[in-house]
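Below is one structure, written out as structure tokens; the observations come after it.
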Amino acid sequence: MSIRVRFAPSPTGHLHIGGARTALFNWLLARQKSGSMILRIEDTDMERSSQEMVEGIVDGLTWLGLHWDEGPFFQSARRRQHLAVVDRLLQEGKAYRDFTKEGSSEDYRSFRDLSPVEREERLDGKKSFAVRFRVPEGKRIEFHDQVYGRVEVETDTLEDFVILRSDGKPTYHLSVVVDDLEMGITHIIRGADHLSNTGKHILLYQALEEPVPNYAHLPLILGPDKKRLSKRHGATSVLEYRRQGILPSALLNYLALLGWSPGTDREVFSVQELIDKFSLDRVNKTNAVFDSHKIQWMNGQHISRMSAEELEPFVREVLEEAGIWNPDWEAAGRQHFLSTIELIKSRVYLLTDFATFGRAYFTEDFEYTEAARKRYLEPSEEERSPLVEGLQELRDAYRTLEPFDLGSTEECLRAIAERKGIKPGLFIGAVRVATTGQVKAPGIFDVLVTLGREQTVKRLDRVIRFLQQ
RNA sequence: GUCCCCAUCGUCUAGCCUGGCCUAGGACACCGCCCUUUCACGGCGGCGACGGGGGUUCAAAUCCCCCUGGGGACGCCA
């Protein structure tokens, strides 16, 4: 029988880091075992518009590539089924009506064994009531959690929990169990915050005389202060990471390593490799602190290892966003576009770096950074004129240099530097700033060749004018 | 407060189940050096942890107990 898992987020309106990790582990298992993942929105108590609140979650999952096989289902839409189960439990005496008035100090336990006559009286009097599950006394519930191992719960530590509110809405505990049952869920993989609720759920399965599914609880993801990750900690929505320029594959990779380890020293994995290697056996029990440094490193790793073609759509999006996308790059200029990506990808951490750090590689509309100006474009008085003259000679030589390649551009530059007595460091530095605007850049001749003769000459022209001011 | 869970470098973790191979391995971050007339990548090295106390044992990061610390759940929220 193939496995069926589900991701059942609360409708917070966006997919947060913790939810994404839960979705990922469910998804990895489903993909690995050729099972199915069901998406179910846990909106039992929410009045907000279903369509809107589901959007953020769907967007997040879609961006990450965590595709579900069935759903999204809305828990709120399954009220009829939930009520039917409440009725059944009531009928079988496994649940009872609690007529306690809101705010009264009355003990709900007094309704536990109300006589049928008293009950009818109350009902006739149209008294509103909630329904509570009758938790058996003095029993021990045991289950095996695939992460936490053997777990025991004494029923005496559990209250008769409410399964139907007095407003007629079923509660979460009732709904999850009914839905997981009716949707044929075989493995429940969720956050460890549900570990202590599991006893109640198992009681419900037993009351319904249904087999208990497999459970695997995942350790929680905490902020740097070891508190549960929340808005206070900054970016918690996966879509914020998208905005920041994080690759879905990098976020998935990072999240997979938060609470799970392959048992080897390898850390960088493709999504397919994660599917192949993932195993619940190797999931940790300890809560993990989310580290934004490491995710950036991970992103840099993924960017460096991806081919220019794979990076192409992502870079395009970033450049469009920055308003420096050139349509020619999907036509005649595509090869040039790809080599440019190849040229700088190893020094990029975030996709957005392509548009900031890498701006000059894509448009001539860029500024010299302050650091670059200070370091290379403010020569001493005696260095100034040789530098300017050298740059002029270089520009003129490059105009006709044939061929314009790695060897020739370097040879030409060095010859001029030597002839004019310009320190190569200063000369190359000035050319680097002229062409890239930055202090840091790939090898200068790689830059010149990739930029091409026309742009190189144009930019040398610009820097000469800059220096002459 | 009650109940439950967890505990290795600052952080993510390997090792723990099946004690000895652990003078505890890797990664991020940080600091050096190499490569590069820049920077990044890469390479080399450094800093840095078994929370504390008791047991058990010839031997404990590994097994047991207590303490401490952290987290979670106790709701007519999910």
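A, B, ... follow the sequence lines: proteins, then strands. Residue 1 opens every chain. Atoms considered below: every heavy atom in the structure, side chains included; atoms not considered: hydrogens, waters and symmetry mates.
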Open item on the list: For A/T157 and A/D193, find the nucleotide of RNA chain B closest to each by heavy atoms; which residue's nucleotide sits nearer the 5' end?
Closed with: A/T157

Task: 5' priority, RNA chain B, between A/Y254 and A/A8 [closest heavy atom] - done: A/Y254

TODO: Measure from the side-chain heavy atoms of A/S10 and tell me the nearest of B/rU11, B/rC6, B/rA78.
DONE: B/rA78

Task: Closest non-hydrogen atom pair, A/A372 against A/V433 - done: CB-CG2, 3.7 Å

- [ ] Write down the atom of A/A360, the atom of A/L451, and the distance for their closest heavy-atom approach.
- [x] O-CD1, 4.4 Å

Between [M] and [N], how far apart are the [atom1] atoms? Round to whole Å, please.
N	M	atom1	answer
B/rG48	B/rC39	P	28 Å
B/rC76	B/rG71	C1'	27 Å
B/rC21	B/rA73	C1'	42 Å
B/rC33	B/rG51	C1'	36 Å
B/rG43	B/rU56	P	48 Å
B/rA49	B/rA59	C1'	22 Å

[X]-[Y] side chain donor-acceptor pair, cut-off 3.5 Å:
X	Y	answer
A/S270	A/H302	no
A/D179	A/Q75	yes
A/H16	A/T236	no
A/T286	A/N284	no

Open item on the list: Counting the atoms with a prime plus P, OP1 and OP2 as sugar-phosphate, which does A/A130 contact under 4.0 Å by heavy atoms, base, sugar-phosphate, or nothing?
Closed with: base

Under 3.5 Å donor-acceptor, [X] side chain and [Y] backbone:
X	Y	answer
A/S408	A/D405	yes
A/N26	A/F7	no
A/Y148	A/A216	no

Nucleotide opposite [N] in a Watson-Crick or G-U pair, distances under 3.5 Å:
N	result
B/rG20	B/rC58
B/rU11	B/rA27
B/rG1	B/rC74

So, is [X] close to the [N] phosphate, meaning a side-chain N or O under 4.0 Å from OP1 or OP2?
X	N	result
A/R165	B/rA78	yes
A/R375	B/rU38	no
A/Q301	B/rG42	yes

Would you tabulate the nitrogen or oxygen pairs shorter than 3.5 Å linking the protein to nucleotides 20-26 of chain B?
none

If you round to the nearest 0.5 Å, how far is [atom2] of [Y] from [atom1] of [X]?
X	Y	atom1	atom2	result
A/L64	A/L24	CG	CG	8.0 Å
A/I464	A/R395	CD1	CZ	4.0 Å
A/F445	A/C412	CZ	SG	9.5 Å

Open item on the list: Can you tell me how the ring of A/Y368 sits relative to the ring of A/F366, calling it parallel under 30°, perpendicular over 60° and tilted otherwise?
Closed with: perpendicular

TODO: Indicate the ring-plane relationship of A/Y172 and A/H201, choosing parallel, tilted or perpendicular according to the 30° and 60° boundaries.
DONE: perpendicular

Open item on the list: Quick check on contacts: within residues 342-361 of chain A, what sits under 4.0 Å from RNA chain B by heavy-atom distance?
Closed with: A/S346, A/R347, A/Y349

TODO: Please work out which residues in residues 438-446 of chain A have a non-hydrogen atom less than 4.0 Å from an atom of RNA chain B and list them by number.
DONE: A/V439, A/K440, A/A441, A/P442, A/G443

What does the list of N/O pairs under 3.5 Å between the protein and nucleotides 63-70 of chain B look like, with a distance for each?
none

Open item on the list: Please determine whether a side-chain nitrogen of the Lys or Arg among A/E152 and A/R150 lies less than 4.0 Å from a carboxylate oxygen of the Asp or Glu.
Closed with: yes

Open item on the list: Please enumerate all residues that pass side-chain contact (heavy atoms from CB on, under 4.5 Å) together with A/D446, with sequence neighbours excluded.
Closed with: A/L343, A/L406

Give me the distances for all protein-to-nucleotides 15-18 of chain B N/O pairs that come in under 3.5 Å?
| residue | atom | partner | partner atom | Å |
| --- | --- | --- | --- | --- |
| B/rG15 | OP1 | A/R282 | NH1 | 3.3 |
| B/rG15 | OP1 | A/R282 | NH2 | 3.1 |

TODO: Quickly work out the A/H217 NE2 to B/rC5 P distance and round it to whole Å.
DONE: 13 Å

Task: A/I246 CD1 to B/rC28 C1', straight-line distance once rounded to whole Å - done: 14 Å

Task: Non-hydrogen side-chain atoms of A/V151 and A/T198 separated by less than 4.5 Å - done: no

